[in-house]
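To start, the structure itself, in structure tokens.
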Amino acid sequence: MNGAADLGGMMGFGPVVPEPEGELFHAEWERRVLAVTLAAGAMGRWTIDESRHVRESIPPAEYLTSSYYAIWLRGLEDLLVAHGLVSRDELAAGRAAGPGEPAKVLHAGDVAPALAAGTPYTREMATSARFAAGDRVRTRTMHPRGHTRLPRYARGHTGTVVAVRGGYVLPDRNAHGAGEQPEWLYTVRFDARELWGDDADPTSTVDIDAWESYLEP
Amino acid sequence: MNGAADLGGMMGFGPVVPEPEGELFHAEWERRVLAVTLAAGAMGRWTIDESRHVRESIPPAEYLTSSYYAIWLRGLEDLLVAHGLVSRDELAAGRAAGPGEPAKVLHAGDVAPALAAGTPYTREMATSARFAAGDRVRTRTMHPRGHTRLPRYARGHTGTVVAVRGGYVLPDRNAHGAGEQPEWLYTVRFDARELWGDDADPTSTVDIDAWESYLEP
Amino acid sequence: MAGSGTSVEARAAALEEILVEKGYVDPAALDAIIATYEHDVGPRNGARVVARAWTDPGYRQRLLTDATPAIAELGFGGRQGEHMVAVENTPDEHHVVVCTLCSCYPWPVLGLPPTWYKSAAYRSRVVIDPRGVLADLGVTLPASTRIAVHDSTAEVRYLVVPMRPPGTDDLDEDALAELVTRDSMIGTGLARVPGEAS
Amino acid sequence: MAGSGTSVEARAAALEEILVEKGYVDPAALDAIIATYEHDVGPRNGARVVARAWTDPGYRQRLLTDATPAIAELGFGGRQGEHMVAVENTPDEHHVVVCTLCSCYPWPVLGLPPTWYKSAAYRSRVVIDPRGVLADLGVTLPASTRIAVHDSTAEVRYLVVPMRPPGTDDLDEDALAELVTRDSMIGTGLARVPGEAS
């Protein structure tokens, strides 16, 4: 979707403000939101794609006025409500109205192995890749209402495949509970002038990772 | 510029909420901001293009959380400061620190004739129009940091000239005090599928008004 | 701006006071501007133009050919209506007007734009999903009617001439003007049929 | 959300309490997650990878060919680093990593992303004006150095291998790792030269 999260190429946000390397959190609640988001995600009720879609669906005014952990908090609230695990009334009251349903709970002893294992998104492909490194490809003009990982700035532009990454779960369907429908994933390189016009820096390029259905020859 | 004002095609703002025909203002301050904006503009210190650029330059988080008259207020504050007519200190104090400089003031008796006259933006052109109705044209891919009136959604797309409107002041230069540099203005019609992709309504079109330098054959 | 966190009301009042104190703005002019748009210039102007076009084929032709002088025949014109274009709805084609980039709107015939016209919801969506926006606003068109969206990206201002409702053959121009709503001249509504609540 | 207008702190506390009360979340697991990213997993991991690549040509080749197993050789991997790609800076080409759509970042080697990496300012601008962003961050590259921006739009995570600074021929792997900053592995900084303040 063309939500507020799709920020590439927008202007007016001011300078990038650096931060010391050791500074991870700016308040205790940020630590808790990180941990709660990961632990609740470990219940396995939603995919990473659905969680990204929930965040990109936050109304733009709220998205752009929220810190990133506040975006995560709002996203987690919305996911829990959407999946019937917590009610809006409970969120409003600030306490549980009743016991939870049976769930797969991440226990302390499982944290290290779970984080170390991660969640691989590669899948064996029955078909062969349509494109190869060196191929010229054009990204589709598409503006789906649902989730996509093709940024607006990179739609309808011509680039070159620089790597074939393998088969990967397709976010556009998986975010909406329509299954993984894996596709070949490619890294596509664009000349900056192709994306931004003649005034762009001629010595820079932008790479995106694009699923096969994002591309046409 | 790709500021928050360039909203065409974005998603996530919710439904359009209608309003009764007689409802013009929602608070007294809105009336005053309208009037002050028009009266201050009548001093002739800035063009309509510069005032639009000032508004589109409002930081996106502020733009999207502001009502429209609040956007006008912020824009007027910024214009007055940029032109040295009012200082930030005066705005902060809420009162004038000293008398103003000599200015062309719109007096009550001049309001009706000034509004009735308006400000024509057409200019005689020494050159003939490059395009004619029926011509296929392509909008340029361009992402200037300064002002432009070519919306992001209509860049890099092919349409048809449906009208040649005449010579008009070019906002892209005029907004930055570089003079009027008038160009031929065209109405260009795009098929919705050209702009938005195959899922778009095949029975709809979008027209924009585009200056000649926005277009290529 | 009168201290960060100051309310927009306070900032507006402060700015007006500063401009008056500095002699840049005449308070009586402010009142005259407000009175103009609250009482004199509004969608009843456009309704007169539309009703004339419905009843006078010659006028209709002049309006569709060169709208600015045709509108001036009825005494309307000026700021934000310097360069008018009229587009006519038919059973085959429905016109809708927006300004995705700001709030451009034909003031001399429609007055000041309503809040929704300037809202992010309308500006973002009507270009990509015009039928969805019309549905939000209670307007359902036949699938066979093409929709032409006009994004006011320059100084041309668009006036939609809605279709004349059925059952109005015996109405005079004044009565017809009563049926022409603001929204019907933006293209987000239809003209009322006689007897329908306004 | 604990009442509209409730602070984010209160909402975060309420949500945690609800999840614990409902038995969905183990409080000890929360503490373990926080401890992991505050103490165990951070940019010092990536610095070890880079220092190894600087000193061991065979390792460098494995890292650039297939980064995930090469990084696993040093014991790093897992969540948000399942599919790693390493890109090497040279005098001719400088790599910079961003996630314009959210906050994708290689956690096992860099830990949690800094605030600026997730900010609208960085995400919006580095793809259209990479040299300008680098200048904001104090990095000026020769005009002859191409800049390759990598937008992490899928589950591939990018680690930049910065150039080894001059004057480091006699440093061992541990000393070299000290020179590898987090920002140098995002591409928004360079590795420190010996003696430069960290």
Side-chain angles (χ1 to χ4, degrees), chain A residues 1-15 53-67 70-71 78 138-148 150-158 172 190-201 206 213-214 216, chain B residues 1-15 53-67 70-71 78 138-148 150-158 172 190-201 206 213-214 216:
Chain A
M1 71 177 287
N2 299 342
D6 189 354
L7 285 164
M10 271 193 75
M11 298 172 184
F13 292 106
H53 182 55
V54 161
R55 290 174 198 149
E56 74 183 351
S57 299
I58 294 172
E62 178 176 343
Y63 189 96
L64 293 176
T65 53
S66 297
S67 69
I71 291 171
D78 290 350
R138 186 170 180 83
T139 48
R140 289 181 60 206
T141 294
M142 62 185 211
H143 294 262
R145 295 183 196 190
H147 187 56
T148 188
L150 181 61
R152 279 187 80 180
Y153 75 82
R155 297 178 192 165
H157 284 290
T158 300
D172 305 50
F190 303 93
D191 188 282
R193 285 169 303 186
E194 164 68 18
L195 295 178
W196 310 113
D198 295 340
D199 295 339
D201 182 345
V206 179
S213 60
Y214 297 179
E216 46 198 25
Chain B
M1 70 177 289
N2 299 343
D6 188 355
L7 285 164
M10 269 192 76
M11 298 172 184
F13 292 106
H53 181 57
V54 162
R55 290 175 200 148
E56 73 181 353
S57 300
I58 294 172
E62 178 175 344
Y63 188 95
L64 293 176
T65 52
S66 296
S67 69
I71 292 170
D78 290 350
R138 187 172 181 83
T139 48
R140 289 181 59 207
T141 294
M142 61 184 214
H143 294 261
R145 295 182 197 194
H147 187 57
T148 187
L150 180 61
R152 278 188 80 180
Y153 76 82
R155 298 178 191 164
H157 285 291
T158 301
D172 306 50
F190 303 93
D191 188 282
R193 286 170 301 186
E194 163 69 16
L195 295 178
W196 310 113
D198 294 340
D199 295 339
D201 184 345
V206 179
S213 59
Y214 296 179
E216 45 197 27

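Lettering follows sequence order; numbering is per chain, from 1.
Looking only at heavy-atom pairs under 4.5 Å with chain B, the residue among A/G197, A/G156, A/A4, A/S57 that has the most is A/G197. Between chain A and the residues B/M1, B/H157, B/M142, B/E56, the most heavy-atom pairs under 4.5 angstrom are made by B/M1.
Atom CZ of residue B/R138 and atom OG1 of residue B/T158 lie 4.0 Å apart, to the nearest 0.5 angstrom. Atom CZ of A/R193 sits about 8.0 Å away from atom CG of A/D198, to the nearest 0.5 Å.
For the pair A/T148/A/R140, no side-chain contact is recorded, criterion being any heavy-atom separation below 4.5 Å from C-beta on. Using a 4.5 Å heavy-atom threshold, the side chains of A/R152 and B/Y153 count as touching.
Heavy atoms of B/E194 lying under 4.5 Å from chain A belong exclusively to its backbone. When heavy atoms are compared at a cutoff of 4.5 Å, A/I58 does not approach chain B at all.
Scanning both residues, A/W196 and B/T141, for their nearest heavy atoms gives C-CG2, 3.9 Å. Heavy-atom minimum distance, A/A154 versus A/L195: CA-CD2, 4.1 Å. Looking at every heavy atom in both residues, A/A192 comes nearest to A/A200 through O-CB, 3.6 Å.
No donor-acceptor contact under 3.5 angstrom links the side chains of B/R155 and B/T139, judged on distance only.
Residue-level contacts of residues 59-66 of chain B with chain A, in order of numbering, are B/P59, B/P60, B/A61, B/L64, B/T65; threshold 4.5 Å between heavy atoms.
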